[in-house]
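See structure below.
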Amino acid sequence: QQTGHNGFHFVDEAAPPALLKALALEILNRNLNVVWWTNVRFEKSFTADVCYLLKAAGCIAVSGGLEVASDRLLGIINKGVSVSKVASVTHNFTEAGIMVHAYLMYGFPTQTVQETIDSLEMVRQLFEANVIQSAYWHRFALTTHSPVGRNAKKYSILIQNEKPGTFANNDLIFTDQTGVDHDIFSEGLRVSLYNFMHGVGFDIPLGKWFNTPMPEPTVVPDFIQNAIETNGYEKPGPNTKIVWLGPEPRLRYFTKTKRNRVTELAELTFSLLKEDLSIVLRQNEANWLAKTLSTLDISHFGDTTFANLEKSYNMEMNDDFFLFWNQPPIQKLRNNGLLVL
């Protein structure tokens, strides 16, 4: 209303997942037509369901710092993530239809030649797996108030004395005492990344991108793919909230006879934006689900927890809720707006 625009970039350095989730729910509850993108940390709270929610509320892209793409260096800078966790989280964003841009960094104090090449291999695999779609390599810069600037000896760097300026002295000139010349990587990192962003060059040996001989990467060729595939199922906590973003279903009852045994079934059809979605359940399950979904819409968010859902099913069906929850028809709904948040 203030700007007359419906496209926004939220400029938080790293927007908290809980805040983005609340924002998305409010956008959907108000039925606002907006698109937006923001900066994040690739933390585990961005589950597949949370990413689906953000997309439904108009999120089109996120950007975040993968930085050095090395678990040793990520630990040193207290990033709070690992490369494998970044892979699974960026996979969640991409699967939801949200574009991912990664900030990359080279030349961090104590970073070796081998670690730089291994970082590039991680980036190559991330692009080949299509879990990030855009990125940029930044050369590390030392600032006076940063943890590195305040603890130069810890990071094996020697800060050179500079003549004070007339306004601010934030950037520091330093020498990395490990002796690595990080300038030799600049062009090779830039050119290889340009190719990866355009979907080509994945089969070119990494050393070919540089004018100086480089070691072979020590990262296994399927590291990122394994990280994505091991991002397995986690049982929802009892207090997690359940929401259904889709419409109410149409029900059609029918029977199926097999070997003189008659089974009463029901087809639930949901008119989604792109196409209709249909699932088939036993009639009593279908009736319970249709009734329950009407209480899970966005305006009732927070009223139903996973524990409430389990208790309701067990009381009415007298059956195993987890078998019901994990069967293929319910998984179809889980992939189309039945979210655990």
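All heavy atoms count here, side chains included; hydrogens, waters and symmetry mates do not.
Proximity of a side-chain donor or acceptor of N92 to a complementary backbone N or O of F46 within less than 3.5 Å is detected. At distances below 3.5 Å, not a single donor-acceptor pair connects side-chain atoms of N29 with backbone N or O atoms of E26. Here the side chain of W36 pairs a donor or acceptor atom with the backbone of A57 at under 3.5 angstrom. In this structure a side-chain-to-backbone donor-acceptor pair under 3.5 Å is present from D297 to H300. Side chain of T94 to backbone of H91: no donor-acceptor contact under 3.5 angstrom is found. For the pair D176 (side chain) and D181 (backbone), a donor-acceptor distance under 3.5 Å is absent. Counting only distance, with no hydrogens or angles, the side chain of N195 and the backbone of V191 share a donor-acceptor pair below 3.5 Å. At least one donor-acceptor pair under 3.5 Å links the side chain of T116 to the backbone N or O of T112. The main-chain N or O of G188 is found under 3.5 Å from a side-chain atom of S192 such that the two form a donor-acceptor pair. Remark: side-chain polar atoms of E316 are not paired, donor with acceptor, to backbone N or O of N284 under 3.5 angstrom.
Taking the ring-ring contact (aromatic ring centres under 6.0 Å, His included) definition, one finds that Y313 meets it with W288, F321, F324, sequence neighbours left out.
In the model, D49 has no side-chain atom that pairs as donor or acceptor with a side-chain atom of T47 under 3.5 Å. A side-chain donor from one of Q125 and E121 sits under 3.5 Å from a side-chain acceptor of the other. S134 and H101 share a donor-acceptor pair across their side chains, judged by distance under 3.5 Å alone. A donor and an acceptor atom, one from each side chain of S278 and T269, are located under 3.5 Å apart. Judged by distance alone, the side chains of R150 and T144 never bring a donor and an acceptor atom under 3.5 Å apart. Using modelled atom types, one finds a donor on one side chain and an acceptor on the other under 3.5 Å when comparing N308 with T305. At a cut-off of 3.5 Å, with distance as the only test, no side-chain donor of Q111 or S70 sits close to an acceptor on the other residue. Checking D118 against Q114 by side-chain atom types alone, a donor-acceptor pair falls below 3.5 Å.
Considering only heavy atoms from C-beta on, W325 stays 4.5 Å or farther from D320 through its side chain. Here the side chains of V123 and L193 are in contact, with some heavy-atom distance below 4.5 Å. Side-chain contact check for V131 versus I228: some heavy-atom pair is nearer than 4.5 Å. Counting heavy atoms from C-beta outward, L265 and L281 have side chains that stay 4.5 Å or more apart.
Nearest heavy-atom pair across K21 and L54 is N-CD2, 4.3 Å. Across P109 and L73, no two heavy atoms sit closer than the pair O-CD2, 4.4 Å. Heavy atoms only, all atoms of each residue included: I98 and C59 are closest at CG1-O, 3.7 Å. Closest heavy-atom contact between I117 and F210: CD1-CE1, 3.8 Å. In terms of heavy atoms, S271 sits closest to P247 at O-CG, 3.4 Å. Nearest approach of T110 to Y155, heavy atoms of both residues: CG2-O, 3.5 Å.
Rounding to the nearest 0.5 Å places CG of L268 at 6.0 Å from CG of L289. Here the straight-line distance linking atom CE of M122 with atom CG of L104 works out to 12.5 Å at 0.5 Å rounding. One finds the OG1 atom of T263 at 9.5 Å from the NZ atom of K258 (value rounded to the nearest 0.5 Å). Considering OG1 of T240 and CG of L339, their distance stands at 11.5 Å, rounded to 0.5 Å. Of the inter-residue distances, the one linking L66 atom CG with L74 atom CG reads 6.5 Å to the nearest 0.5 angstrom. Summarising the geometry, atom OG1 belonging to T257 is positioned 11.5 Å from atom CZ belonging to R261; distances are rounded to the nearest 0.5 Å.
R41 and D12 are not joined by a salt bridge, as no carboxylate oxygen comes within less than 4.0 angstrom of a charged side-chain nitrogen. Salt bridge R250/D276: present, at least one basic N to carboxylate O contact under 4.0 Å.
Within 6.0 Å of the CG atom in N318, the count of heavy atoms belonging to other residues, nucleotides or ligands does not exceed 12. A 6.0 Å sphere centred on CG of D183 holds more than 12 heavy atoms belonging to other residues, nucleotides or ligands. The number of heavy-atom neighbours closer than 6.0 Å to NE2 of H9, taken from other residues, nucleotides and ligands shown, is above 12. Within 6.0 Å of CD on E216 lie no more than 12 heavy atoms contributed by other residues, nucleotides or ligands. Surrounding CD of Q327 are more than 12 heavy atoms belonging to other residues, nucleotides or ligands, all under 6.0 Å away.
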| request: Could you walk me through whether N211 and E187 pass the side chain to side chain contact (heavy atoms under 4.5 Å, CB included) test, one step at a time? | output: CA-CA 9 Å; N211 296 324; E187 187 64 9; 5.7 Å; no
| message | Let's go through R72 and E115 carefully: what are the C-alpha distance in whole Å and the side-chain angles of both, what is the deciding distance for salt bridge (Lys or Arg N to Asp or Glu O under 4.0 Å) to 0.1 Å, and is it a yes or a no? | response | CA-CA 9 Å; R72 181 187 79 85; E115 285 176 322; 2.5 Å; yes
| task | Would you please test L142 and D171 for side chain to side chain contact (heavy atoms under 4.5 Å, CB included) and show each step? | result | CA-CA 6 Å; L142 181 63; D171 292 349; over 6 Å; no
| message | Run the side chain to side chain contact (heavy atoms under 4.5 Å, CB included) test on V180 and V113 for me, step by step, so that the C-alpha distance in whole Å, both residues' side-chain angles and the decisive distance to 0.1 Å come before the verdict. | response | CA-CA 7 Å; V180 177; V113 172; 4.0 Å; yes
| said: Please evaluate residues L293 and F270 with respect to the criterion side chain to side chain contact (heavy atoms under 4.5 Å, CB included), reporting the C-alpha separation (whole Å), side-chain torsions for both, the decisive distance (0.1 Å), and the verdict. | reply: CA-CA 11 Å; L293 289 178; F270 302 85; 3.7 Å; yes
| message | Quick one, W209 with F185, criterion ring pair (Phe, Tyr, Trp, His ring centres under 6.0 Å). Give me CA distance, side-chain angles, the key distance, then yes/no. | response | CA-CA 9 Å; W209 299 110; F185 301 112; over 10 Å; no
| Full working for salt bridge (Lys or Arg N to Asp or Glu O under 4.0 Å) between K85 and D71 | CA-CA 10 Å; K85 179 53 67 176; D71 284 347; over 6 Å; no
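Of the residues D303, T304, L245, the one that meets the side-chain contact (heavy atoms from CB on, under 4.5 Å) test with L296 is T304. Among F196, Y194, F202, the one residue that satisfies the ring-ring contact (aromatic ring centres under 6.0 Å, His included) test with H198 is Y194.
No close placement of the Y103 and Y136 rings is indicated, their centers lying 6.0 Å or farther apart. Ring centroid separation for the pair Y106 and F140 does not come in under the 6.0 Å cut-off.
Remark: R252 is positioned above the aromatic ring of F254, its terminal NZ or CZ atom under 6.0 angstrom from the ring centre and at most 45 degrees off the axis.
The same ILVMFWY cluster, assembled from side-chain heavy atoms under 4.5 Å apart, contains both F174 and V68.
Think of M99 as one node in a network of Ile, Leu, Val, Met, Phe, Trp and Tyr side chains linked at under 4.5 Å; it has no links at all.
F322 and F306 have tilted rings, their planes meeting at an angle from 30° to 60° on a 0 to 90° scale.
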